[in-house]
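These notes are about the structure you will find just below.
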Amino acid sequence: MARSFWLMKSEPDVYSIDDLAADEGQTTCWDGVRNYQARNFMRDSMKVGDQVLFYHSNADPSGVAGIASIAAQAYADPTAFDKKDKHYDAKSDPDNPAWMMVDVKFVKRFSKVIPLSELKTYSQLDGMELLRRGSRLSVQPVEKSHFDFIVKLGAKRPKS
DNA sequence: GCCAACGTTGGC
DNA sequence: GCCAACGTTGGC
C-alpha cells in the first residue's frame, strides 16, 4: 500500500516539535490518545514511513510547525494501565488493550509555524479536516495534495 | 478565560 | 435507543 499522510496535534506547552527534535533518537511514543476515531487511524491505517504534519494546538499561533514520520506501527499504550497516570483507563486490559500508540520521528521543523488563520485562506486546502468547523480530531488523515501544498508553504517560510 | 462544538456517560 | 448532563478540545 502507498504511503499515507496524517496530521497530529500536540500542545507545544506540553510537547512541541522542538521537544521531538531534542528527544533521544528524535523519536517519541504518541501516548495519551483517548479518542476512538484517532485510535482507529493509528491502529488500523498508520504504517512505518507515513508522513505527518506536526500541528501545534492551543498555541500562539496555532498551526503546522513541521514534519514528522511514523517510526513504529501501533502497539499498546502503557499509560492506560498505570493508575497514577493522567490517562489511566480501567477499561483497557493489558491482554486486550483499548488504547494504542505509534512512534513518531522528527523530520523537519519549519523555520516559522504556518498559522491556522493562514491555512484557512488557501482554496487549495478546501475540504481539509483540520479546517472543518468544530473539528477536534487530534489524529487525522490528510490528502496528499494538501500535504504537499503545506510542505511547500513551509519550505518557503522566511526566517523569523 | 470564554464558549461553541463535540464525544461520552448514564438514567430512563 | 433517546437524550440530557457532563467533560474535553481548542480557537479566539
Side-chain angles (χ1 to χ4, degrees), chain A residues 4-23 28-46 50-70 74-104 106-143 146-147 149-151 153-154 156-158 160:
Chain A
S4 303
F5 302 90
W6 307 95
L7 180 143
M8 297 173 90
K9 297 178 182 174
S10 182
E11 301 192 23
D13 290 349
V14 179
Y15 192 84
S16 73
I17 193 158
D18 291 326
D19 294 324
L20 179 61
D23 264 352
T28 192
C29 54
W30 206 261
D31 60 18
V33 171
R34 296 294 179 269
N35 171 282
Y36 289 104
Q37 242 187 309
R39 180 211 58 191
N40 291 347
F41 284 131
M42 291 198 295
R43 185 190 61 188
D44 303 332
S45 305
M46 279 187 174
D50 281 1
Q51 300 291 108
V52 177
L53 296 172
F54 196 108
Y55 183 86
H56 283 175
S57 61
N58 263 318
D60 187 21
S62 292
V64 178
I67 307 168
S69 68
I70 301 302
Y75 56 105
D77 178 346
T79 64
F81 311 135
D82 179 359
K83 282 201 171 74
K84 291 188 290 291
D85 195 278
K86 184 177 176 236
H87 299 290
Y88 172 69
D89 184 356
K91 290 194 306 298
S92 192
D93 175 352
D95 292 329
N96 183 22
W99 300 112
M100 312 283 284
M101 63 187 189
V102 295
D103 284 355
V104 170
F106 176 83
V107 172
K108 176 182 178 173
R109 176 189 187 281
F110 295 156
S111 53
K112 211 171 146 203
V113 169
I114 307 172
L116 178 64
S117 58
E118 182 183 335
L119 295 174
K120 284 176 174 169
T121 66
Y122 298 112
S123 60
Q124 290 92 329
L125 298 178
D126 280 356
M128 195 177 168
E129 166 69 22
L130 179 74
L131 306 181
R132 242 192 58 236
R133 175 179 159 81
S135 167
R136 301 189 317 184
L137 200 52
S138 65
V139 175
Q140 53 181 258
V142 175
E143 288 173 30
H146 293 163
F147 182 90
F149 182 78
I150 290 172
V151 168
L153 284 178
K156 276 190 288 199
R157 292 290 93 174
S160 50

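Here is the naming used below: chain letters follow the sequence lines, and residue numbers restart at 1 for every chain. Atoms considered below: every heavy atom in the structure, side chains included; atoms not considered: hydrogens, waters and symmetry mates.
With sequence neighbours excluded, no residue forms a side chain to side chain donor-acceptor pair (under 3.5 Å) with A:Ser117. In this structure, the side-chain contact (heavy atoms from CB on, under 4.5 Å) partners of A:Lys91, at least two apart in sequence or on a different chain, are A:Tyr36, A:Asp89. Scanning for side-chain contact (heavy atoms from CB on, under 4.5 Å) contacts around A:Phe81 gives A:Ala76, A:Ser92, A:Pro94, A:Pro97, with sequence neighbours left out. Partners of A:Arg39 by side chain to side chain donor-acceptor pair (under 3.5 Å), not counting sequence neighbours: none found. Take A:Arg136 and apply the side chain to side chain donor-acceptor pair (under 3.5 Å) test, not counting sequence neighbours, and it matches no residue. By the side-chain contact (heavy atoms from CB on, under 4.5 Å) test, A:Gln124 is found to be paired with A:Tyr122, A:Phe149, residues two or more places apart in sequence or in another chain being considered.
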What pairs of donor and acceptor atoms, side-chain ones from residues 53-61 of chain A against any protein atom, are under 3.5 angstrom apart with sequence neighbours left out?
unit_1: A:His56; atom_1: NE2; unit_2: A:Ile17; atom_2: N; d: 3.1
unit_1: A:Asn58; atom_1: ND2; unit_2: A:Glu11; atom_2: OE2; d: 3.3

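Between A:Lys91 and A:Gly134, the residue anchored nearer the 5' end of DNA chain B, judged by the nucleotide with its closest heavy atom, is A:Gly134.
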Protein and nucleotides 2-5 of chain C: nitrogen or oxygen contacts under 3.5 angstrom:
none

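A:Tyr15 and A:Trp30 have perpendicular rings, their planes meeting at more than 60° on a 0 to 90° scale where under 30° would count as parallel.
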(message) So if I define the base as every atom that isn't primed, P, OP1 or OP2, how would nucleotides 6-12 of chain C read as a B/S/- string at a heavy-atom cutoff under 4.0 Å?
(response) -BBBBBS
